[in-house]
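Each remark here refers to the structure printed beneath this line.
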Amino acid sequence: MTNSGSELCNVHWTGPDHTTAVVVAAGDIDLRHSAEFQRVLLEVLQAGPKRIVVDLSGVGYMDSSGVASLVKLLARVRRQQVDLRLAGMTRRVRSVFEITRLDTVFEIFPSVQEALAS
Amino acid sequence: MLEVLREPVRIRIASTPAQLPIVRAVVERLTRLVGFDQEASDRITLAVDEALTNIIRHAYHGRPDGPIEITFRRAADARGAAALCIELRDWGTQVEPDQIRPRRLEELRPGGLGVHIITSVMDEVQYAPVPSGGTKLTMTKTLSRELL
């Protein structure tokens with residue numbers, strides 16, 4: 001397992017061939033941090049994973065610019081046939097996805113363990 | 001509980017993302033104090049944050065020193081029920097109100113979610129260009145069906 005990322009996100013590679021990237025995000029992802037969040041996500045995708053799991057359990061607040069970073073990633077992973085999963089959303093973050101009806105577009109799991117298991 | 005807003009509360013910030021957490025903390029505390037439950041409080045906080053983000057991006061074009069005034073007052077909605085009114089006043093570039101509309105959610109693209117959030121969360125939303133410059137955004141959220 002290798003680690004990389006930034007203060008906002010840590011990236012762990014796991015799975016049999018290290019082809020699953022787990023992006024562990026933390027803090028508030030708002031207008032101040034969404035550009036950095038998007039940069040890390042797109043860097044992970046460029047590394048060629050088969051699956052990306054974004055762990056949001058440490059994110060206390062996310063605005064539409066943070067959601068937009070994930071939407072941009074989703075559009076790209078679909079083209080490259082990479083499996084994208086979101087895990088561990090707090091009630092507050094989940095609410096943003098519900099208001100924008102994106103909770104039906106993303107694959108959302110209660111925890112990273114469950115996202116990795118299925 | 002709207003008694004705490006017998007007099008309006010006004011705060012003034014600069015158009016920098018660094019001050020958004022301050023406003024979020026104020027909105028969350030104030031909405032809980034006037035009687036909204038935690039879920040409603042979270043959603044109103046998000047709507048105000050999105051509106052401020054739009055002001056920073058579109059009215060001030062990312063300039064960090066533009067003034068923004070936020071006023072909280074008690075109000076009645078169109079049917080006379082108790083409501084919280086939040087006004088955001090900026091002195092930046094005006095946007096025609098009919099240019100501000102939520103995007104179709106079925107389009108999978110990153111932009112335009114903020115206006116959808118604002119109009120979904122708040123009961124009444126009105127953008128009004130101010131003749132002397134800038135824009136006043138008035139958002140109202142009904143608190144209860146009790147008449148004022």
Side-chain angles (χ1 to χ4, degrees), chain A residues 7-8 26-42 45 54 56 58-84 86 89-108, chain B residues 13-25 27-28 31-32 36-64 68 102-122 125 141:
Chain A
E7 282 185 16
L8 186 71
D28 290 355
I29 301 180
D30 62 2
L31 190 57
R32 293 169 303 158
H33 297 132
S34 55
E36 172 70 3
F37 183 51
Q38 182 171 299
R39 184 190 66 76
V40 172
L41 293 174
L42 297 182
L45 181 61
V54 184
L56 297 170
V59 176
Y61 180 83
M62 183 181 286
D63 74 355
S64 70
S65 69
V67 172
S69 300
L70 289 165
V71 169
K72 189 166 191 174
L73 178 68
L74 180 63
R76 294 196 183 188
V77 299
R78 281 182 172 177
R79 286 200 295 272
Q80 298 180 30
Q81 296 186 314
V82 174
D83 183 16
L84 173 63
L86 309 183
M89 280 184 191
T90 59
R91 177 188 46 76
R92 186 175 289 175
V93 171
R94 176 133 198 152
S95 171
V96 187
F97 284 78
E98 289 170 355
I99 295 168
T100 53
R101 294 183 216 147
L102 289 165
D103 56 327
T104 59
V105 175
F106 285 93
E107 282 194 83
I108 299 173
Chain B
I13 64 165
S15 57
T16 169
Q19 294 190 346
L20 292 177
I22 300 170
V23 179
R24 292 203 294 266
V27 176
E28 183 176 0
T31 49
R32 293 291 283 143
F36 288 102
D37 65 21
Q38 188 63 55
E39 184 179 357
S41 171
D42 288 345
R43 289 182 174 224
I44 296 167
T45 302
L46 176 67
V48 173
D49 191 56
E50 295 292 342
L52 290 171
T53 293
N54 283 346
I55 290 172
I56 292 170
R57 281 179 164 167
H58 303 301
Y60 288 117
H61 309 285
R63 204 184 98 199
I68 304 172
R103 74 163 170 81
R104 291 157 60 89
L105 291 181
E106 56 269 28
E107 300 166 13
L108 188 60
R109 60 179 177 81
L113 293 170
V115 175
H116 172 81
I117 289 171
I118 296 165
T119 54
S120 297
V121 169
M122 305 305 284
V125 178
K141 182 73 175 174

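No hydrogens, no waters, no symmetry mates; every other heavy atom, side chains included, goes into these values. Given the structure is predicted, the values throughout are model-derived calculations rather than measurements. First the proteins, then the strands, lettered A, B, ... as listed; each starts at 1.
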Ranking B/Leu52, B/Thr53, B/Val121, B/Leu46 by heavy-atom pairs under 4.5 Å to chain A gives rank one to B/Leu46
Indicate yes or no: does A/Arg91 engage A/Glu98 in a salt bridge with an N to O separation below 4.0 Å. no
Bottom line for B/Ile56: the part with an atom under 4.5 Å from chain A's heavy atoms is side chain
Cut-off 4.5 Å, heavy atoms of chain A, and the answer for B/Leu20 is side chain
task = Would you mind checking if B/Arg32 and B/Glu28 are paired as a salt bridge, meaning a charged N to carboxylate O distance below 4.0 Å?
result = no
For A/Ala26, the side chain to side chain contact (heavy atoms under 4.5 Å, CB included) test, sequence neighbours excluded, returns none
Okay, B/Gln19 and chain A: the region with an atom under 4.5 Å from a heavy atom over there is neither
* Do the side chains of A/Leu56 and A/Val54 get nearer than 4.5 Å, heavy atoms only? -> yes
Under 4.5 Å to a heavy atom of chain B? For A/Asp63 that would be both
Those residues at least two apart in sequence (or on a different chain) that pass salt bridge (Lys or Arg N to Asp or Glu O under 4.0 Å) with B/Asp49 are B/Arg24
